[in-house]
There are 2 protein chains.
Amino acid sequence: MALPRAARTQRRTRIQEEKEERILEAALEVFSLHGFRGATVDQIAEVAGMSKPNLLYYFRTKEAMHRALITRVLDTWLDPLREFDAGGNPVSEIRSYIRRKLEMARDFPRESRLFANEILQGAPNIEDELKGPLKALVDEKAEVIRAWAKAGKIAKCDPYHLIFSIWSTTQHYADFDVQVRAVLGQDQAGDGRFEDAARFLEQLFVTGLGISEQPA
Amino acid sequence: MALPRAARTQRRTRIQEEKEERILEAALEVFSLHGFRGATVDQIAEVAGMSKPNLLYYFRTKEAMHRALITRVLDTWLDPLREFDAGGNPVSEIRSYIRRKLEMARDFPRESRLFANEILQGAPNIEDELKGPLKALVDEKAEVIRAWAKAGKIAKCDPYHLIFSIWSTTQHYADFDVQVRAVLGQDQAGDGRFEDAARFLEQLFVTGLGISEQPA
DNA sequence: TGTAATGTTTACCAATCGGTCAAATTATCA
DNA sequence: TGATAATTTGACCGATTGGTAAACATTACA
């Protein structure tokens, strides 16, 4: 018989570790390319190099795979924001936050697209996590930014929309990669586009948030 | 017999006009919510208030509907960029471009999500249009911006990444609406968020692009 | 009004989907 | 080694999918 994942009390087998990892890797590949509905279990099984029933032995449903992936991705996706340091220098904190987010868009585009897909579909599976942990974290960091602005260390601005704009500009290079490449053309679409983007965004945000005599 | 759309030489019937419009409206609703693969013809037919075979009489395949929608959306989506005036005042041109894009995100979120979905999936159906007309238009406007920078009217910056950042920040409020609402919470998630966003983005870009002594 | 073109519906189909089952195989360890 | 638990597979199932065929109804127009 042997019950898979769900009803286990003992610790995981070596085989379980390996296979579950292979499956999630394959699922990330397929889900990020075709979305949840567009991905098929057969596809994932093929990419993972195993039969469909074998895959379903480890994850009982397609949704279980997706849930495992989404929660994992959401967690690591927020790491850069967690590193945001209230005690640091405002400008350099924002600058390195942008840099880290851009690096994630470059190095983990599949994770970014998986997340984007989920949000686009209305986030049916992670609405609670958005309204809970995500909101809490953003609230906390927004308060830091607001304090910086109040102290005159950066320009007065809405901290939430500042965070949104950093998210959107950086993730754009992962989620809309096809469009970016199409517009830049073959010559400019090499890996240098991330350095160009970094330079531009740094200039935009640092200058845009530099101390200035904005009215309230 | 009666051949639908494809093989007609005469002008369209009144019924055809009406029905095709109703179908595309329904298709936009469903496609933007669930993506291409996630949407079903039955769903679209139900939203359009007609039977599935009747719908397929006007659009022979699901893909035909999607193609008709995508090309239409891509076209109107570029309108704000077309209005970008080389002869105008640089700062106010950029400012009103941002405003127009943000208005589109507010008033036509379904169109934005449809487009985002297509790009996320690798733009299988519109790659040519991206590399062709879209790139041409962006190239043209980028040249205008570059000239402005060269003349010292705005800060020196990469015009392509400037355009990307305007696209991403504004469309974020349509495509990631669920996330934005979740983070802002019930109190702040009213329609006022678009005005707040407009104020923030205007400040960010105008200050960020203001004349400054950036090195080359 | 008659009739031909246009439009609509009912019934249906083949393909694909997520998932099951029982038998066969392999790993584990006393 | 032998027995027990864990893993893998091929065959299969019901539901849903995109799309079709042909009968039926309606409209346009001479």
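Proteins come first, then strands; the chains are lettered A, B, ... in the order of their sequence lines, and each starts at number 1.
Contacts of B:F31 classified as ring-ring contact (aromatic ring centres under 6.0 Å, His included), with partners at least two apart in sequence or in another chain: B:F36, B:H66. A:R110 meets the side-chain contact (heavy atoms from CB on, under 4.5 Å) test with A:E25, A:L28, A:E29, A:S32; sequence neighbours excluded. Among residues two or more places apart in sequence or in another chain, the side-chain contact (heavy atoms from CB on, under 4.5 Å) test is passed with A:D139 by A:K135, A:Y160. Scanning for ring-ring contact (aromatic ring centres under 6.0 Å, His included) contacts around B:H34 gives an empty result, with sequence neighbours left out.
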Just the table, please: protein N/O against nucleotides 19-22 of chain C N/O, every pair under 3.5 Å.
{"from": "C:dG19", "atom 1": "OP2", "to": "A:K62", "atom 2": "N", "distance (Å)": "2.7"}
{"from": "C:dG19", "atom 1": "N7", "to": "A:K52", "atom 2": "NZ", "distance (Å)": "3.4"}
{"from": "C:dG19", "atom 1": "O6", "to": "A:K52", "atom 2": "NZ", "distance (Å)": "3.1"}

Any protein N or O atoms within reach of nucleotides 13-16 of chain D? Criterion: under 3.5 Å, listing atom names and distances.
none

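The shortest non-hydrogen separation linking B:H161 to A:F200 is O-CE2, 3.4 Å.
Between A:Q16 and D:dA6 there is no side-chain polar atom (N or O) within less than 4.0 angstrom of OP1 or OP2. An OP1 or OP2 oxygen of D:dT7 is reached within less than 4.0 angstrom by a side-chain nitrogen or oxygen of A:Y57. Taking side-chain N and O atoms only, A:N54 has a distance below 4.0 Å to OP1 or OP2 of D:dT9. Between A:S51 and D:dT8, a side-chain N or O to OP1/OP2 separation shorter than 4.0 Å is absent.
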Hey, can you pull the donor-acceptor pairs under 3.5 Å for the side chains in residues 75-82 of chain B, sequence neighbours left out?
{"from": "B:D75", "atom 1": "OD1", "to": "B:R82", "atom 2": "NH2", "distance (Å)": "3.2"}
{"from": "B:T76", "atom 1": "OG1", "to": "B:V73", "atom 2": "O", "distance (Å)": "3.2"}
{"from": "B:D79", "atom 1": "OD1", "to": "B:R82", "atom 2": "NH1", "distance (Å)": "2.6"}
{"from": "B:R82", "atom 1": "NH1", "to": "B:D75", "atom 2": "O", "distance (Å)": "3.3"}

Please output the side-chain donor-acceptor pairs of residues 115-132 of chain B that fall under 3.5 Å, not counting sequence neighbours, one pair per line with the distance.
{"from": "B:N117", "atom 1": "OD1", "to": "A:Q121", "atom 2": "NE2", "distance (Å)": "3.4"}
{"from": "B:E118", "atom 1": "OE2", "to": "B:N125", "atom 2": "N", "distance (Å)": "3.1"}
{"from": "B:Q121", "atom 1": "NE2", "to": "A:N117", "atom 2": "OD1", "distance (Å)": "3.4"}
{"from": "B:E127", "atom 1": "OE2", "to": "B:K131", "atom 2": "NZ", "distance (Å)": "3.3"}

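What separates CD of B:Q43 from C1' of D:dG19 is a distance of 17 Å, to the nearest Å. What separates CG of A:L55 from P of D:dT8 is a distance of 11 Å, to the nearest Å. With rounding to whole Å, B:M50 atom CE is found 17 Å from C:dT10 atom C1'. At whole-Å resolution of the value, CZ in B:F59 and P in D:dT20 are 15 Å apart. Atom P of nucleotide D:dT8 and atom CD of A:E18 are separated by 10 Å, given to the nearest angstrom. Protein atom CE of A:M65 is 13 Å distant from nucleotide atom C1' of C:dC17, rounded to whole Å. Remark: P of C:dT10 and CG of B:D42 are 14 Å apart, rounded to the nearest angstrom. Counting to the nearest Å, the C1' atom of C:dG7 and the CD atom of B:E17 are 16 Å from each other.
Among the atoms of the strands shown, only primed sugar atoms or phosphate atoms (P, OP1, OP2) are found under 4.0 Å from some heavy atom of A:A39.
The list of side chain to side chain donor-acceptor pair (under 3.5 Å) pairs with a residue in residues 162-171 of chain A, not counting sequence neighbours, reads A:Y97-A:W167.
The backbone N or O of A:G49 lies less than 3.5 Å from a partner atom in the side chain of A:R22, making a donor-acceptor pair.
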